[in-house]
Amino acid sequence: MSQRNAILQKLNERLDRADDLKAKEAIRARLQGHVKNLIPQRGSLEQGQQVNLFRKEAEKVNATILSVQSYDEIPGAVGEYLRQNQLPAQIKIAPDPRLKELDWTAKTSLMVNDGRADGNDPVSVSHAIGGVAETGTLVLTSGPESPTSLNFLPLDHIVVVRADDIAGDYEALWDRIRQQAAAKGTPGKLPRTVNWITGPSRTADIEQTLLLGAHGPQRLHIIMVEGDSATPSEA
Amino acid sequence: MSKTPSPTARPTVGLFATCLVDLMRPVVGFATVKLLEDAGCQVFVPESQTCCGQPAFNSGDVPDTADIARGVIEAFEDFDYVVVPSGSCGGMIKHHYPEVFADDPAWLARAEALSEKTFELISFLTDVRGVTSVPATFDGTVTYHDSCSGLREMGVKEQPRALLNSIDGLSITEGEETETCCGFGGLFCVKYPDISEKMVDTKVNDIVATGADTLLAGDLGCLMNIAGRIQRRGLNIKVRHAAEVLADMADAPAIGEPLDKG
Amino acid sequence: MDSTSPQFKDNARGAIANDPLQAALGKLTHGFPKKRAEAAARLPEFDDLRDQARDIKNHVLENLDLYLEAYEEKVIEMGGHVHWCSTAQDARETILDICRKADAKTVTKSKSMISEEIAVNGYLEENGIEAIETDLGEYIIQLRKEPPSHIIAPAIHLSKEQVADTFRDAHQDLDAARDLDEPRALLEEARAKLRDKFIHADVGLTGANMLIAETGTNVLVTNEGNADLTNNLPRVHIVLASIEKIVPTLEDASTVLRVLARSATGQEITVYTTFCTGPKRPEDLDGPEEYHVVLLDNGRTDMIGSEFHEMLRCIRCGSCLNHCPIYKSVGGHAYGWVYSGPMGAVLIPNLIGMEEAQHLPNASTLCGKCETVCPMRIPLPRMLRKWRERQYRSEVGSAKARWSLSAWAWLAKRPGLYRPLMNLGIAILGQFGGRGRFKSVPFAGGWTSKRDLAAPAGDTFINQYHNGARGDQSGELMRRGIVK
């Protein structure tokens, strides 16, 4: 007997269920039902307050946040960030049209490439699909326009997120991800990677001393696009 | 756990003294009798009591535990209440006797019935008899040790502090580790003496840091363990069962002190 | 991993005398428990969420076979492979096989307690494959050839000086005169050393905190981001997980995540919570080409339906370790195997055998603190006692202790004998107790080696109460009108 069948059979015997068929049905229903369990009240605020809570929680875990009113301001904001942190004028951006189609050359003399990170990029710019106010968490999904390596290899990670895409709780983002999958024609299928990112990388493994920048980015800079944005986000 | 106090009724209380009180420190038994009688109870002390069975239970010896428990149930089940000056023995009777008889419906019913009316002493006085103060005096600063079973099995936390606070002359100072295990654990302290020593030193250091001159608690096992360590370290802190202070019997020698002769 | 659990008492003695370890454990005492309490206080629904997390896992365990099948189906649908392994050896061989087929020279690893259980690193090394731990704490102890001493903070027992010495020994290519006084310098060195390893690894081996049946997804939680570099960069991603890690849906995973980090470190959530599903999609710009899940039994099926069934709810947060007075006295290495603290004392005998691990369930006062902080409401003290029951029935442990307890129980069942014997014994002891306490007592060395023993008053309470025997104490009490 294969090890698979040996394990499953042993479990089935030890569990000694009265009705296997009924149990299978119940499980199928549960897996398809996506019932939400208890959701903390914390994120149940009106949208503007959710954005404020998101900002507060993200700053608590050492992310920095800048608000801009439109996508057009992003290149300038990035340039300013690099200057303030004395970083080289060189960024790798996600090939997301909302980032690619910005005018990076207008105000700044940045070297801009798009694609995945290869270990030589000091700074990356990604676009989140949204954020979760309850813990100041950004949600990013992998795809041809959002390579995951941008989130982890560079020392400085800049993430663009729309204020409108901030929700109160994690469950709202799972709903959105499921909708996106359905809209793409792959219902019920997640992308290869969903990242919840809450602040920059950290460790306390040496004498319980908190240090930022363990293996992931040492700095996480969030650019929140508020107000009417020039480009609508994906449905 | 608490019932509406009925001050006019004079309930019968079976006093389960515990083997440590019985053998090592009778004054706690007498203090318990006084507190219960002052609270309007009729106290009985069945002579057939020996041990609650916890040493056997914690050593995994369920058959002996069951035998001992049957004796306790028979001796105590006819009283209105069973009161124990100990969180751990009280917890044994209240919570673990039903576990022991889980597969024996007849004894389970009797164990559950006994469990319903079994209480630790101090929480019985406050929660069931409605006692809010005691007519005792005490001159000094005390700190309180929350024994693990009392705290986590019998819900004893605020009650001793409330009654102690009613005593003229007594002030309470709280340690940081009041809820941390003292390292007694029944047979643990003799099976793993190095670890037990480390734990009791943590407790004693915390007590010293409070500046109190007296340590109180509701469990004699904890108290003997901590007192023994205090005295081995040559420290000058008195150790008593809280019942002694509440019953105004704190002039008896403290734990480990020589008895008055004559 | 070989165990030193039979030497627990010696291990413990050594640990208590180990000053750097005691300093580190002292810090732990004031760190994690305070932070957990603060995090719980900040979330009013925390206790309700613990109840829900418990209910979710109970439901899964009751249907574990069916959920495993559903999970496997989804992983395969998403382009992954599932390998079922009954024993540690099966899992080692399976992982080696995957690595060989991938022509792998190096494997990066993120923290996985299961990988310690099956001792896969040594096995890969024996077979010519370099296995590199990337979690900073795990990297440090890998260099020191030590096992982890805490399930989420594996190097917690070390001082920064010890880490610096380790790095100097291991990183010989760097300037010997460099300053490694500060943790920052140590971190930068480790980061630099591991960067290339991450980028050039052929295989990334991760654990999984949860496996989500709905989507065929493994969940990784880290603060460092090393699990992300491990799962994303190499060509092959292997997930190693034991079978009880299943949760049904993304919503169920979210519930568990809300109690996990708060219980472990007091953070609201770990910096990186990552959900991996299958290999990269054809249009993705990065990610592994191959995705393998190695499902391990290694004793879990035996626990199902046993008195240790509820232990399978454990989500490896480490909260019980952080609050356990025994763990805080002796640290993790004393337990002698992969796990430690209360969860280790329950789980280890299930995995390496009751005799080998016999000390662990006994080295506890059953204080119950662990159960009060467990996010999954596991009744740890009850299960420790269940191990003691099994040991008693199988006569494992000290025969002398068993005999003494039997004698006490025999007597306790016979009040007619107990009374006169105790009256006599106490009267005799009382004669010797003039100073109020004993510094040493025959047969009581376990007590008197560390403590004085208060002398009994000379007469039992029951005797005095009923027979009016005049011990000094009761005479005094009667004079004062306290005793009638």
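Letters go in sequence order (proteins before strands), and every chain restarts at 1. When reading the values below, keep in mind they use all heavy atoms of this one structure, side chains included, and skip hydrogens, waters and symmetry mates.
Atom CZ of Arg202(A) and atom CD of Glu224(C) lie 11.5 Å apart (nearest 0.5 Å). Taken to the nearest 0.5 Å, the CZ atom of Arg14(A) stands 7.0 Å off from the OG1 atom of Thr301(C). The OG atom of Ser201(A) sits 7.5 Å away from the CG atom of Leu187(C) when rounded to the nearest 0.5 Å. Taken from CD in Glu171(A) to OG1 in Thr255(C), the straight-line distance is 6.0 Å, to the nearest 0.5 Å. If you take CG on Asp286(C) and OG1 on Thr193(A), they are separated by 7.5 Å, rounding to the nearest 0.5 Å. In this structure, Arg192(A) CZ and His237(C) NE2 are separated by 5.5 Å, a value rounded to the nearest 0.5 Å.
Both the backbone and the side chain of Asn231(C) come within contact range of chain A, each with at least one heavy atom under 4.5 Å from a heavy atom of that chain. Using a 4.5 Å cut-off between heavy atoms, Leu257(C) contacts chain A through its side chain alone, with no backbone atom that close. Within the 4.5 angstrom heavy-atom criterion, no atom of Leu220(C) approaches chain A. For His59(C), the part lying under 4.5 angstrom from a heavy atom of chain A is the side chain only. Neither the backbone nor the side chain of Pro44(C) comes within contact range of chain A; no heavy atom of the residue lies under 4.5 Å from a heavy atom of that chain. In this structure, chain A has heavy atoms under 4.5 Å from both the backbone and the side chain of Leu250(C). With a threshold of 4.5 angstrom between heavy atoms, Tyr291(C) approaches chain A through side-chain atoms but not through N, CA, C or O. Proximity to chain A is limited to the side chain of Glu72(C), based on heavy atoms less than 4.5 angstrom apart. Residue contact with chain C, scored on non-hydrogen atoms closer than 4.5 Å, involves the backbone and the side chain of Leu155(A) alike. The part of Pro191(A) that comes within reach of chain C is its backbone (N, CA, C, O), which places non-hydrogen atoms under 4.5 angstrom from that chain. For Asp20(A), the part lying under 4.5 angstrom from a heavy atom of chain C is the backbone only. In this structure, chain C has a heavy atom under 4.5 Å from the side chain of Gln208(A), while its backbone stays farther away. Heavy-atom distances place the side chain of Ile199(C), and not its backbone, under 4.5 Å from chain A. For Arg42(C), the parts sitting under 4.5 Å from any heavy atom of chain A are the backbone and the side chain alike. Thr265(C) does not touch chain A: none of its heavy atoms, backbone or side chain, sits under 4.5 Å away. The contact between Gln52(C) and chain A is made entirely by side chain atoms (from C-beta outward), counting heavy-atom distances below 4.5 Å. Both the backbone and the side chain of Ala213(C) come within contact range of chain A, with heavy atoms under 4.5 Å apart. With a 4.5 angstrom heavy-atom cutoff, Asp196(C) does not touch chain A via any of its atoms.
For the residue pair Asp65(C) and Leu8(A), the shortest heavy atom distance occurs at O-CD2, 3.6 Å. When all heavy atoms of Ala23(A) and Leu66(C) are compared, the pair lying nearest together is CB-CD1, 3.6 Å. The minimum heavy-atom distance between Asp284(C) and Gly143(A), with the atom names listed, is OD1-CA, 3.4 Å. The two residues Arg258(C) and Leu38(A) come nearest to each other via the heavy atoms NH1-O, 4.0 Å. Nearest approach of Pro154(C) to Asp205(A), heavy atoms of both residues: CD-OD1, 4.4 Å. Residue Arg116(A) comes nearest to Leu285(C) through the heavy atom pair CD-O, 3.4 Å, listed as atom of the first residue, atom of the second, then distance.
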Practice task
Determine, step by step, whether Arg178(A) and Glu251(C) satisfy the salt bridge (charged side-chain N to carboxylate O under 4.0 Å, His left out) criterion, reporting the C-alpha distance in whole Å, the side-chain angles of both residues, the deciding distance to 0.1 Å, and the verdict.
Solution key: CA-CA 12 Å; Arg178(A) 288 194 184 102; Glu251(C) 281 74 14; 2.9 Å; yes
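Between the side chain of His215(A) and the backbone N or O of Thr134(C) there is at least one donor-acceptor pair closer than 3.5 Å. A side-chain donor-acceptor contact under 3.5 Å links Arg191(C) to the backbone of Ala214(A). Judged by distance alone, the side chain of Gln3(A) and the main-chain N or O of Ser86(C) form a donor-acceptor pair under 3.5 Å. Although no hydrogens or angles enter the test, the distance criterion places a donor-acceptor pair under 3.5 Å between the side chain of Arg195(C) and the main chain of Leu153(A).
Under the 4.5 Å side-chain criterion, counting only non-hydrogen atoms from C-beta, Gln267(C) is not in contact with Thr135(A). Using a 4.5 Å cut-off on side-chain heavy atoms (C-beta onward), Arg184(C) and Thr209(A) make no contact. For the pair Glu77(C) and Lys189(A), the minimum side-chain heavy-atom distance is below 4.5 Å. Between Ile39(A) and Ser254(C), the closest side-chain pair of non-hydrogen atoms is not below 4.5 Å. Leu15(A) has its side chain within reach of Ile304(C): a pair of non-hydrogen atoms, C-beta onward, lies under 4.5 Å apart. When side chains are defined from C-beta on, Ile206(A) counts as touching Ile140(C), because their heavy atoms get closer than 4.5 Å. Under the 4.5 Å side-chain criterion, counting only non-hydrogen atoms from C-beta, Asn5(A) is not in contact with Trp84(C). At least one side-chain heavy atom of Tyr170(A) sits under 4.5 Å from a side-chain heavy atom of Ile269(C).
Comparing Gly225(C), Pro248(C), Gly79(C) by heavy-atom pairs within less than 4.5 Å of chain A, the highest count is held by Pro248(C). Interface remark: of the candidates Asp55(C), Leu233(C), Asp90(C), Thr87(C), Asp90(C) forms the most heavy-atom pairs closer than 4.5 Å to chain A. With respect to chain A, the highest number of heavy-atom pairs below 4.5 Å among Asn226(C), Ile212(C), Ile243(C) belongs to Asn226(C).
Not less than 6.0 angstrom separates the ring centroid of Phe198(C) from the ring centroid of Phe152(A).
By the 6.0 Å contact criterion, CD on Gln90(A) is enclosed, its count of non-hydrogen atoms from other residues, nucleotides or ligands being greater than 12. In the displayed structure, Lys56(A) atom NZ is contacted under 6.0 Å by at most 12 heavy atoms of other residues, nucleotides or ligands. Environment of NZ in Lys10(A): crowded, with over 12 heavy atoms of neighbouring residues, nucleotides or ligands closer than 6.0 Å.
Partner of Ile7(A) under the side-chain contact (heavy atoms from CB on, under 4.5 Å) criterion, out of Leu296(C), Leu295(C), Leu64(C), Asp297(C): Asp297(C) alone.
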